[in-house]
Amino acid sequence: MAKITLDNLAHSYLPNPKSEEDYALKELNHDWIDGEAYALLGASGCGKSTLLNIISGLLNPSQGRILFDDKDVTDAPTAARNIAQVFQFPVVYDTMTVRDNLAFPLRNRGADPKYIAERVQQIAAMIGMEEVLNRKARGLTADAKQKISLGRGMVREDVNALLFDEPLTVIDPHMKWELRTQLKSLHHDFGHTMIYVTHDQTEALTFADKVVVMYDGRVVQIGTPQELFERPAHTFVGYFIGSPGMNLFDAQIKGDMARVAGVPVPLGRHYAPQGGRLQLGVRPEFVRLVQGAEGVPAKVTRVEDVGRHRIIRLDVAGQTASAIVDEDVPVPEDAQRIAFDPAGINVYADDWRLRGAGEAA
Ligand code: ADP
Ligand code: MG
């Protein structure tokens with residue numbers, strides 16, 4: 001297991017990149033802590049696989065270095081990096097049995113046959129394939145083959161890191177949950193450094209200690225699920241994580257007061273004067289519908305019942321917004337305004353979160 005350092009890393013698929021837009025992965029400095037489970041989360045095309053393939057050595061970066069435990073591996077081939085990688089689609093040897101497929105990485109390293117037999121049995125149990133160990137991989141469903149790929153990725157205990165690139169894409173929804181739980185317990189038992197790529201926030205938030213959110217080739221925030229929920233560093237994080245995502249309201253800001261749609265909104269903190277497009281980000285969980293003359297004018301356009309709570313869709317000065325109301329809290333029928341809990345307000349200038357006076361880094 002190893003700490004993985006990305007030093008000044010960037011990648012362009014173009015031979016002569018000129019501007020920032022030419023980079024699929026924009027400049028990045030980061031340490032992946034030894035033994036942590038990370039999720040790499042972002043929409044399709046944002047650069048997740050590019051980053052993962054640079055770490056595994058399938059791709060040589062156009063700029064910067066990769067270090068494993070402070071040793072430069074930038075030019076080392078994949079085999080020399082001692083990692084396991086599982087891809088989106090199955091990679092199995094069709095003519096081999098399931099057992100031989102699973103044993104392959106261990107035999108390749110000259111492991112003891114007795115240990116191999118035990119370990120293969122263990123992994124087969126984890127992926128639910130004990131019954132078919134002696135079958136050839138040929139003819140198995142894509143789903144089953146992907147489970148073999150996963151098993152093969154997990155079979156070695158002595159790897160520097162385990163990398164997963166959307167490994168559950170072809171797995172049926174029921175089994176997805178099961179396999180994700182297995183991966184988590186594998187991490188718990190062996191403490192591998194794990195990087196798990198996904199575009200699914202639920203998958204990321206349930207799997208990882210830390211979530212790395214990417215947007216348009218850039219890492220916009222690295223944080224615990226709670227940090228991403230409470231303090232989204234970028235409006236994209238607020239919007240992408242949460243269901244529904246964070247509301248954004250155009251605002252003017254002076255000291256510890258904002259104005260939204262002309263109405264004063266207390267912020268709870270003082271903000272230094274700032275140029276650019278200023279917005280308040282408020283998650284639907286922190287929006288309350290209120291009666292009376294105080295608050296930001298809002299029109300209820302729809303009420304959606306989603307089980308334990310309701311989602312109230314709103315029109316606020318021509319912009320759409322949402323509020324979440326618990327099922328046992330009545331929705332005031334004549335509510336024409338909304339109010340925000342100051343603890344739930346984040347302030348953004350040109351999409352990046354501003355730090356208020358006295359707030360820790
Ligand atoms: P993700 O895994 O997040 O979906 P990728 O890392 O695959 O994103 O892609 C990031 C960007 O790089 C995309 O715009 C994609 O079209 C581009 N890209 C990916 N692979 C190549 C390649 N081999 N050649 C040229 N462009 C590529
Ligand atoms: Mg990808």
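Atoms considered below: every heavy atom in the structure, side chains included; atoms not considered: hydrogens, waters and symmetry mates. Every number for a ligand or one of its atoms is a count from 1 in the order of the listing.
In this structure, Arg138 does not pair ionically with Asp94, as no charged nitrogen and carboxylate oxygen lie closer than 4.0 Å. Taking 4.0 Å as the cut-off between side-chain N and carboxylate O, Asp158 and Arg109 do not count as a salt-bridged pair. Using a 4.0 Å cut-off between charged side-chain N and carboxylate O, Lys147 and Glu178 make no salt bridge. Classification of Lys26 and Glu21 as a salt-bridged pair fails, no side-chain N sitting under 4.0 Å from a carboxylate O. Classification of Lys210 and Glu36 as a salt-bridged pair holds, one side-chain N sitting under 4.0 Å from a carboxylate O.
Side-chain contact annotation: Gln221 with His234, donor-acceptor N/O pair under 3.5 Å absent.
The backbone N or O of Arg313 lies less than 3.5 Å from a partner atom in the side chain of Thr301, making a donor-acceptor pair.
Atom 23 (N) of ligand 1 has as its closest protein heavy atom Tyr13 CE2, 3.6 Å. Here the protein heavy atom with the shortest distance to atom 8 (O) of ligand 1 is Gly47 N, 3.2 Å. Among protein heavy atoms, atom 7 (O) of ligand 1 sits closest to Ser49 CB, 3.8 Å.
Among the backbone and side-chain atoms of Ser49, an N/O/S atom is found under 2.8 Å from the Mg ion (ligand 2).
Each of the atoms 5 (P), 6 (O), 9 (O), 10 (C) of ligand 1 lies under 4.0 Å from some heavy atom of Thr50. Close contacts of ligand 1 with Ala24, meaning ligand atoms under 4.0 Å from a residue heavy atom, involve 11 (C), 12 (O).
Within the 4.0 Å cut-off (strictly below), no protein heavy atom is located near atom 15 (C) of ligand 1.
The closest approach between any non-hydrogen atom of Gly45 and ligand 1 is below 4.0 Å.
On a distance-only criterion, Cys46 and ligand 1 share at least one N/O pair closer than 3.5 Å.
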